[in-house]
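One is the number of the first residue; the rest follow in order along the sequence.
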Amino acid sequence: MSYFRDGTLEEWLLFKKKLKRCIKGQSATTGQAKYALARRLLVGQALADFNHATSIHGGKTAPNYKRCIHAVTFGVFPQKGLQDQKRWMRRVL
């Protein structure tokens, strides 16, 4: 399993898919095990976003883990993606 630092959207989605498979393979069913695994594999800004979401959401449970991963996803995806796509489509078409 490779680390995720900062990458493209496609790399993040592939990382999430591999992380789910890794969680299943390691039988990390508890929230604490999922948190530990994610912290080991995230680096840089992704880890900072994950830790920030952890401090906001509180306890290390499975539902809070999903919220923290969603916070990392929110940080990776561009905030105005749809607006940028429409702008470029108008220019090209």
Sub-4.5 Å side-chain heavy-atom contact between Asn51 and Arg39: yes

Hydrophobic cluster identity match, Leu9 and Leu47, side-chain contacts under 4.5 Å: yes

Joint cluster assignment, Leu13 & Phe50, ILVMFWY side-chain distance < 4.5 Å: yes

Phe4 side chain near Leu41 side chain, heavy-atom distance below 4.5 Å: no

Donor-acceptor pairs under 3.5 angstrom involving side-chain atoms of residues 56-71: please list them, not counting sequence neighbours.
{"from": "Thr61", "atom 1": "OG1", "to": "Asn64", "atom 2": "N", "distance (Å)": "3.4"}
{"from": "Thr61", "atom 1": "OG1", "to": "Asn64", "atom 2": "ND2", "distance (Å)": "3.3"}
{"from": "Asn64", "atom 1": "OD1", "to": "Arg67", "atom 2": "NH1", "distance (Å)": "2.5"}
{"from": "Asn64", "atom 1": "ND2", "to": "His57", "atom 2": "O", "distance (Å)": "3.3"}
{"from": "Asn64", "atom 1": "ND2", "to": "Gly59", "atom 2": "O", "distance (Å)": "2.8"}

Pairs of donor and acceptor atoms involving the side chains of residues 81-93, under 3.5 Å and at least two apart or interchain, shall be tabulated with distances.
{"from": "Asp84", "atom 1": "OD1", "to": "Arg87", "atom 2": "NH1", "distance (Å)": "3.2"}

Please tabulate, for side-chain N and O atoms in residues 14-33, each donor-acceptor pair with protein atoms closer than 3.5 Å (sequence neighbours left out).
{"from": "Thr30", "atom 1": "OG1", "to": "Ala33", "atom 2": "N", "distance (Å)": "3.3"}

